[in-house]
Asks: 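Let me give you the structure first, and then I'll get to my questions.
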Amino acid sequence: MFRTFATFDSAKRWIPALVPKLHRAARKQIHQHGLDAMRAVWVETPRGRFEGFWRSPLISQRIVNVLRREAIRDGTYGEYNYESCTGWDRNWDLQTE
């Protein structure tokens with residue numbers, strides 16, 4: 001049961017009723033974390049200097065590709081709208097070297 005709100009109180013507030021239903025959790029992670037939700041993170045353990053592990057990204061690469069293609073198809077590629085949680089920021093494209 002989600003309440004429907006006409007507008008956001010602030011640009012960063014998350015209101016599920018205004019977000020498209022497809023991949024809602026992934027959109028929430030992008031809304032809250034941005035590019036960091038798409039990157040793996042190295043977590044060091046307290047035991048040793050070189051011990052640790054990689055924590056997988058919050059959003060899988062498959063879902064990232066789906067959301068990016070959807071933004072291209074909808075014409076919202078290049079800018080992210082915080083009010084409707086739609087679009088794709090060009091800075092989120094992962095750089096391959």
Side-chain angles (χ1 to χ4, degrees):
M1 310 292 164
F2 299 114
R3 295 183 200 166
T4 304
F5 296 92
T7 59
F8 280 86
D9 292 341
S10 66
K12 292 284 186 174
R13 184 167 176 211
W14 174 254
I15 300 177
L18 299 177
V19 179
K21 291 187 178 183
L22 185 64
H23 304 298
R24 185 176 284 183
R27 291 176 193 273
K28 181 178 181 179
Q29 296 296 337
I30 288 176
H31 186 76
Q32 291 176 345
H33 303 287
L35 183 60
D36 293 335
M38 303 173 216
R39 291 186 176 158
V41 178
W42 176 256
V43 179
E44 292 186 15
T45 57
R47 284 183 255 148
R49 191 170 128 192
F50 296 108
E51 291 185 21
F53 60 95
W54 284 98
R55 180 169 288 150
S56 61
L58 296 173
I59 306 171
S60 71
Q61 189 62 40
R62 184 184 73 82
I63 300 299
V64 168
N65 290 337
V66 168
L67 294 176
R68 184 176 182 273
R69 279 190 231 118
E70 183 179 298
I72 292 170
R73 185 180 62 237
D74 295 342
T76 57
Y77 179 80
E79 56 187 34
Y80 180 72
N81 186 353
Y82 279 97
E83 292 183 4
S84 63
C85 299
T86 57
W88 187 266
D89 191 357
R90 289 183 195 270
N91 297 329
W92 294 345
D93 289 333
L94 300 176
Q95 301 295 325
T96 55
E97 297 176 342

Asks: Would you name the heavy atoms of G87 and A71 that are closest together and state the gap between them?
Replies: C-CB, 3.9 Å

Asks: How long is the straight-line distance from CG of D36 back to CD of Q29, given to the nearest 0.5 Å?
Replies: 11.5 Å

Asks: If you look at every heavy atom in R27 and C85, which pair is closest and at what distance?
Replies: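 Result for this residue pair: NH1-O, 3.5 Å.
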
Asks: Taking the side chain as every heavy atom from C-beta outward, state whether V43 and W54 have any atom pair closer than 4.5 Å.
Replies: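 Not touching, per the 4.5 Å side-chain cut-off.
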
Asks: Mind checking whether F53 and W42 have ring centres under 6.0 Å apart?
Replies: no

Asks: What is the distance from atom CG of D74 to atom CZ of R69, rounded to the nearest 0.5 Å?
Replies: 13.5 Å

Asks: In Å and rounded to the nearest 0.5 Å, what is the NZ to NE2 distance from K28 to H33?
Replies: 9.0 Å

Asks: To the nearest 0.5 angstrom, please state how far the OG atom of S60 sits from the CE atom of M38.
Replies: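 Output value for this atom pair is 11.5 Å.
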
Asks: Checking side-chain contact (heavy atoms from CB on, under 4.5 Å) for the pair R62/N65: CA distance, chi angles, key distance, verdict?
Replies: CA-CA 5 Å; R62 184 184 73 82; N65 290 337; 5.7 Å; no

Asks: Determine the minimum heavy-atom distance between L67 and A26, stating which atoms define it.
Replies: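 Minimum heavy-atom contact is CD1-CB, 4.0 Å.
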
Asks: Tell me whether I63 is reachable from V41 by hopping between hydrophobic residues (I, L, V, M, F, W, Y) whose side-chain heavy atoms are closer than 4.5 Å.
Replies: no

Asks: Verify the cluster assignment for W88 and V66: are they in a single hydrophobic cluster under the rule of side-chain heavy atoms below 4.5 Å apart?
Replies: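 Looking at the clustering, V66 is in a separate group from W88.
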
Asks: Working to the nearest 0.5 Å, report the span between CZ of R68 and CG of D89.
Replies: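 Output value for this atom pair is 11.5 Å.
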
Asks: Taking all non-hydrogen atoms of both residues into account, name the closest pair between I30 and A37 and its distance.
Replies: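 Closest approach of I30 to A37, heavy atoms only: N-CB, 4.5 Å.
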
Asks: Taking the side chain as every heavy atom from C-beta outward, state whether Y80 and N91 have any pair of such atoms under 4.5 Å apart.
Replies: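 Not touching, per the 4.5 Å side-chain cut-off.
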
Asks: When rounded to the nearest 0.5 angstrom, what is the spacing between OG1 in T86 and NE2 in H31?
Replies: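 Going from the OG1 atom of T86 to the NE2 atom of H31 covers 11.0 Å.
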
Asks: Linking I/L/V/M/F/W/Y whenever their side-chain heavy atoms sit closer than 4.5 Å, directly or via other members, would L35 and I72 fall into one cluster?
Replies: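 Hydrophobic grouping puts L35 with I72.
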
